[in-house]
Amino acid sequence: MIDNFKDLEKICKSCTKCDLCKTRKNVVFGIGTPKTKIMFIGEGPGEQEDIQGEPFVGRAGKLLDKLLYAVDLDRNKNIYITNIVKCRPPFNRDPSEDEQNNCIDYLRNQTKLINPKIIVCLGRIASAKIINPNIKITREHGIFVEKKGIFMMPMLHPAAILRNQNLMEAALKDFITLRKKIKEVCPEVYDN
Ligand code: URA
């Protein structure tokens, strides 16, 4: 356990624990404020994220920013966004179990330092790793599960919404459920 974000980021950025380090352009550690009470966790960097070194900056990321904006959340202001794996799996394939397990200690350490009240898991891979390995995201998205005092919500991945615009209404509904929970358990997120 590293006790500060700066050192943790530095160590993570020189990681060679798995083969993804051989093909990555950048380690994508995370973006936002570690002082928040809300974490968003995706699957892993895609092409644009690998190039720019920041999570969710491609097409799916632009949609995520719009959904966040709809409920007064902002990656540069009041949330923290990261991924299960910090390096891009080639051709955007799913990260393997081994890759996820090699990387998970960075996420655990980030979570310990942030000490969030709410964790939103974007898509099946993150929801399965963090909430329930057998999760059915199409059925269970938008439903909070409490674990050790942290409220966790599986959400549809923004890339899935881009592929099927019919999911947009359900996605917006989940963000509104999220806003309600924030106001209930960590209203200070909306203070400034
Ligand atoms: N998809 C993810 O799950 N994470 C990103 O950072 C980008 C796309």
Side-chain angles (χ1 to χ4, degrees), residues 5 8-9 12-13 15 17-18 20-21 23-34 36 38-69 73-111 114 116 118-133 135-138 140-142 152-165 167-168 170-171 174-175 178:
F5 239 71
L8 180 61
E9 180 164 5
C12 182
K13 286 193 165 167
C15 183
K17 280 200 250 177
C18 81
L20 295 183
C21 71
T23 47
R24 75 180 177 222
K25 292 189 173 69
N26 280 293
V27 173
V28 180
F29 182 69
I31 184 79
T33 170
T36 186
I38 308 180
M39 286 177 82
F40 284 78
I41 302 173
E43 171 180 328
E47 184 183 21
Q48 280 307 311
E49 290 76 19
D50 184 43
I51 292 169
Q52 297 181 46
E54 183 174 326
F56 287 99
V57 289
R59 276 185 72 225
K62 301 272 178 289
L63 175 57
L64 176 63
D65 280 341
K66 281 187 193 159
L67 289 162
L68 291 169
Y69 180 77
L73 297 176
D74 181 337
R75 69 170 69 207
N76 297 122
K77 213 173 95 189
N78 53 7
I79 60 171
Y80 191 81
I81 309 178
T82 187
N83 283 304
I84 299 282
V85 297
K86 312 302 193 208
C87 298
R88 182 191 184 200
F91 309 108
N92 296 352
R93 62 163 170 75
D94 289 351
S96 70
E97 273 300 317
D98 276 357
E99 287 159 355
Q100 293 183 45
N101 291 337
N102 273 317
C103 214
I104 199 78
D105 279 347
Y106 296 119
L107 180 61
R108 285 210 183 101
N109 206 331
Q110 285 172 308
T111 308
I114 291 174
I118 297 176
I119 293 179
V120 177
C121 297
L122 296 164
R124 178 182 57 85
I125 299 266
S127 301
K129 192 73 190 165
I130 311 255
I131 301 174
N132 168 9
I135 199 147
K136 295 273 175 289
I137 189 85
T138 46
E140 294 171 54
H141 68 86
M152 303 188 179
M153 184 206 263
M155 260 199 194
L156 296 165
H157 196 286
I161 307 166
L162 284 176
R163 286 194 297 270
N164 178 2
Q165 293 284 328
L167 296 175
M168 187 56 126
D174 292 351
F175 271 86
L178 171 64

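Atoms within a ligand are numbered from 1 in the order they appear, just like the ligands themselves. Numbers here simply count residues along the sequence, with the first being 1.
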Would Phe175 and Tyr69 count as a close aromatic pair, with their ring centres under 6.0 Å?
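Ring-ring flag for Phe175/Tyr69: false, centres at least 6.0 Å apart.
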
Among all protein non-hydrogen atoms, which one is nearest to atom 8 (C) of ligand 1, and what is the separation to 0.1 Å?
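Minimum-distance protein heavy atom for atom 8 (C) of ligand 1 reads Phe56 CE2, 3.8 Å.
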
Around atom 1 (N) of ligand 1, find the nearest protein heavy atom and jot down its residue, atom name and distance.
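Going by distance alone, atom 1 (N) of ligand 1 is nearest to His157 NE2, 3.3 Å.
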
Intermediate values then yes/no, salt bridge (Lys or Arg N to Asp or Glu O under 4.0 Å), Glu43 and Arg93
CA-CA 10 Å; Glu43 171 180 328; Arg93 62 163 170 75; over 6 Å; no

Say whether Lys17 and Asn101, considering side chains only, have a donor N or O and an acceptor N or O under 3.5 Å apart.
no

Would you mind telling me if ligand 1 is within reach of the side chain of Glu43, the backbone, both or neither, using heavy atoms under 4.0 Å?
both

Does only the side chain of Ala60 get under 4.0 Å from ligand 1, or the backbone, or both, or neither? Count heavy atoms.
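It is neither; nothing of Ala60 touches ligand 1.
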
Please determine whether any non-hydrogen atom of Glu54 lies less than 4.0 Å from an atom of ligand 1.
no

Sub-4.0 Å heavy-atom contact, Asn83 with ligand 1:
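Contact check Asn83 vs ligand 1: positive.
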
Reference residue Pro158; test side-chain contact (heavy atoms from CB on, under 4.5 Å); the match among Asp65, Leu167, Leu122
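That would be Leu122.
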
With respect to Leu20, which candidate in Pro45, Pro90, Pro95 satisfies the side-chain contact (heavy atoms from CB on, under 4.5 Å) definition?
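Answer after filtering Pro45, Pro90, Pro95: Pro90.
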
Gly42 heavy atoms within 4.0 Å reach ligand 1 at atoms 3 (O)

Show which atoms of ligand 1 fall inside a sub-4.0 Å distance from at least one heavy-atom site of Pro55.
6 (O)

Heavy-atom proximity to atom 5 (C) of ligand 1 ranks first, among Pro158, Gly44, Gly61, Pro95, for Gly44

Answer yes or no: are there more than 12 heavy-atom neighbours, outside Arg75 itself, under 6.0 Å from its atom CZ?
yes

Could you walk me through whether Lys86 and Glu49 pass the salt bridge (Lys or Arg N to Asp or Glu O under 4.0 Å) check?
CA-CA 10 Å; Lys86 312 302 193 208; Glu49 290 76 19; over 6 Å; no

Are any of the N/O atoms on Glu49, whether in the backbone or the side chain, positioned under 3.5 angstrom from an N/O atom of ligand 1?
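No: no nitrogen or oxygen of Glu49 is under 3.5 Å from one in ligand 1.
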
